[in-house]
Amino acid sequence: MSRIVYVLNGPNLNLLGKRQPHIYGHETLADVEAECRRTAAELRLELEFRQSNAEYQLIDWIHEARERAGGIVINPAAFTHTSVAILDALNACEFPIIEVHISNVHRREPFRHHSYVSLVASGVIAGFGTQGYPLALQRLARLIDDSEK
Ligand code: DHK
């Protein structure tokens, strides 16, 4: 299986570190990317790290990943709770998908408790802050390694 992994980030995550730091923390998305690059190098994964505020762009990147990647880590942000289109794109992928939320969505507003993406995710990490991203990469590397045995 390919060792290319996509880490995809949805709307408003470009404001990480500035928006509602009591919920999302003080680290920026650039900090998260740097941490993911360190972790990916240790795990011998090749990383594509991206963020978009546009649903169609995330879908196009999922289609791109479908052709060349071994897995996806995705924080769909608000699209988690609304997007059948992102679910459909992920359902077209045959590799493992890990869903990440920085905050613990289950102790927030009821509309954040439902996730379309969870229907396709191998696993979900929520409430671990930005530490959830390297943890998700560790899990993905294990799933890729196991698929090669
Ligand atoms: C990020 C968002 O922007 C919200 O819309 C989600 C998620 C939660 C997070 O915790 O990373 O509800």
Side-chain angles (χ1 to χ4, degrees), residues 2-43 45-93 95-141 143-144:
S2 167
R3 296 193 75 81
I4 301 171
V5 298
Y6 280 57
V7 177
L8 299 181
N9 294 281
N12 301 305
L13 288 170
N14 53 312
L15 296 180
L16 203 60
K18 298 175 205 141
R19 130 177 120 130
Q20 297 180 286
H22 57 291
I23 295 176
Y24 297 108
H26 292 277
E27 276 187 302
T28 65
L29 198 61
D31 296 331
V32 176
E33 178 172 357
E35 183 61 31
C36 284
R37 291 206 177 282
R38 273 192 291 276
T39 304
E42 282 168 18
L43 296 167
L45 297 172
E46 191 181 318
L47 188 72
E48 296 281 357
F49 189 99
R50 301 185 186 169
Q51 187 276 333
S52 179
N53 295 323
E55 190 175 20
Y56 83 91
Q57 179 62 84
L58 293 162
I59 292 165
D60 283 352
W61 286 337
I62 293 165
H63 293 177
E64 184 185 304
R66 184 176 172 274
E67 300 297 326
R68 59 186 295 257
I72 290 180
V73 171
I74 185 163
N75 182 349
F79 291 143
T80 307
H81 320 296
T82 63
S83 182
V84 175
I86 288 177
L87 170 64
D88 284 350
L90 291 170
N91 267 326
C93 299
F95 46 57
I97 293 153
I98 312 287
E99 177 181 351
V100 171
H101 304 288
I102 295 164
S103 65
N104 181 357
V105 283
H106 299 291
R107 65 184 268 194
R108 299 182 63 193
E109 304 95 320
F111 66 83
R112 294 185 204 276
H113 298 178
H114 177 262
S115 165
Y116 284 101
V117 171
S118 290
L119 291 169
V120 69
S122 309
V124 182
I125 295 175
F128 283 56
T130 55
Q131 198 187 349
Y133 287 81
L135 291 173
L137 286 173
Q138 281 180 21
R139 178 64 183 158
L140 205 47
L143 292 172
I144 291 171

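As the structure is a prediction and not an experimental result, all values here were calculated from the model.
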Colleague: As an exercise, state the distance from OH of Y116 to OG1 of T80, rounded to the nearest 0.5 Å.
Modeller: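 Answer for the OH-OG1 pair, Y116 versus T80, is 11.5 Å.
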
Colleague: Listed by chain and number, what are the salt bridge (charged side-chain N to carboxylate O under 4.0 Å, His left out) partners of E64, not counting sequence neighbours?
Modeller: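 Partners of E64 under the salt bridge (charged side-chain N to carboxylate O under 4.0 Å, His left out) test: R50.
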
Colleague: Ignoring hydrogens and geometry beyond distance, is a side-chain donor-acceptor pair present between Q20 and H22 at under 3.5 Å?
Modeller: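 Note: Q20 and H22 side chains miss the donor-acceptor criterion.
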
Colleague: Does E33 have any salt bridge (charged side-chain N to carboxylate O under 4.0 Å, His left out) partners at least two apart in sequence or in another chain, and if so, which?
Modeller: R37

Colleague: Restricting to non-hydrogen atoms, name the atom on C36 and the atom on F49 that form the minimum distance, rounded to 0.1 Å.
Modeller: SG-CE1, 3.9 Å

Colleague: Is a donor from one side chain sitting under 3.5 angstrom from an acceptor on the other, for S2 and R68?
Modeller: no

Colleague: Could you check if a side-chain atom of I144 sits within less than 4.5 angstrom of a side-chain atom of L45, using non-hydrogen atoms only?
Modeller: yes

Colleague: Going from CD1 on I4 to CG on L47, what distance comes out if it is rounded to the nearest 0.5 angstrom?
Modeller: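 Rounded to the nearest 0.5 Å, the CD1-CG separation comes out at 10.5 Å.
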
Colleague: Could you tell me which non-hydrogen atom of A89 sits nearest to which non-hydrogen atom of I59, and how far apart they are?
Modeller: CB-CG2, 4.1 Å

Colleague: Any chance the side chains of S118 and E99 put a donor and an acceptor closer than 3.5 Å?
Modeller: yes

Colleague: Are the side chain of D31 and the backbone of T28 linked by a donor-acceptor contact shorter than 3.5 Å?
Modeller: yes

Colleague: Please verify the inter-ring angle class for H106 with H113; under 30° counts as parallel, over 60° as perpendicular, anything in between as tilted.
Modeller: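 Taking H113 first and then H106, their aromatic rings sit tilted (interplane angle of 30° to 60°).
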
Colleague: Quickly, which of L90, V5, V120 forms a side chain to side chain contact (heavy atoms under 4.5 Å, CB included) with I72? Name it, please.
Modeller: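 That would be L90; it is the only one of L90, V5, V120 passing the side chain to side chain contact (heavy atoms under 4.5 Å, CB included) with I72.
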
Colleague: Side chains of N9 and Y133 only: does a donor on one sit below 3.5 Å from an acceptor on the other?
Modeller: yes

Colleague: Counting only heavy atoms not in F111 (residues, nucleotides, ligands), do more than 12 fall under 6.0 Å from its CZ?
Modeller: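 Yes, because the 6.0 Å sphere around CZ of F111 holds more than 12 heavy atoms from other groups.
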
Colleague: Looking only at heavy atoms, what is the nearest atom pair of P11 and A78, with distance?
Modeller: CG-N, 4.2 Å

Colleague: Quick one: pull up OH in Y56 and NE2 in H63 and give me the separation to the nearest 0.5 Å.
Modeller: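 Rounded to the nearest 0.5 Å, the OH-NE2 separation comes to 13.5 Å.
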
Colleague: Taking atom types as modelled, find out whether N53 and E55 have a side-chain donor-acceptor pair closer than 3.5 angstrom.
Modeller: no

Colleague: Does any N or O in the side chain of Q51 come within less than 3.5 Å of the main-chain N or O of L29, such that one atom is a donor and the other an acceptor?
Modeller: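 Checking the backbone N and O of L29 against the side chain of Q51, no donor-acceptor pair under 3.5 Å is found.
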
Colleague: For a quick test of reading the model, state the closest non-hydrogen atom pair linking R66 to C93 and the distance between them.
Modeller: CB-SG, 4.1 Å

Colleague: Sequence neighbours excluded, which residues qualify as salt bridge (charged side-chain N to carboxylate O under 4.0 Å, His left out) partners of E109?
Modeller: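 Expected list: R112.
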
Colleague: Given side chains that start at C-beta, do those of I125 and H101 come closer than 4.5 Å, heavy atoms only?
Modeller: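 No, side chains not in contact.
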
Colleague: When rounded to the nearest 0.5 angstrom, what is the spacing between CD1 in I97 and CG in N91?
Modeller: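 Reported value, rounded in 0.5 Å steps: 7.5 Å.
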
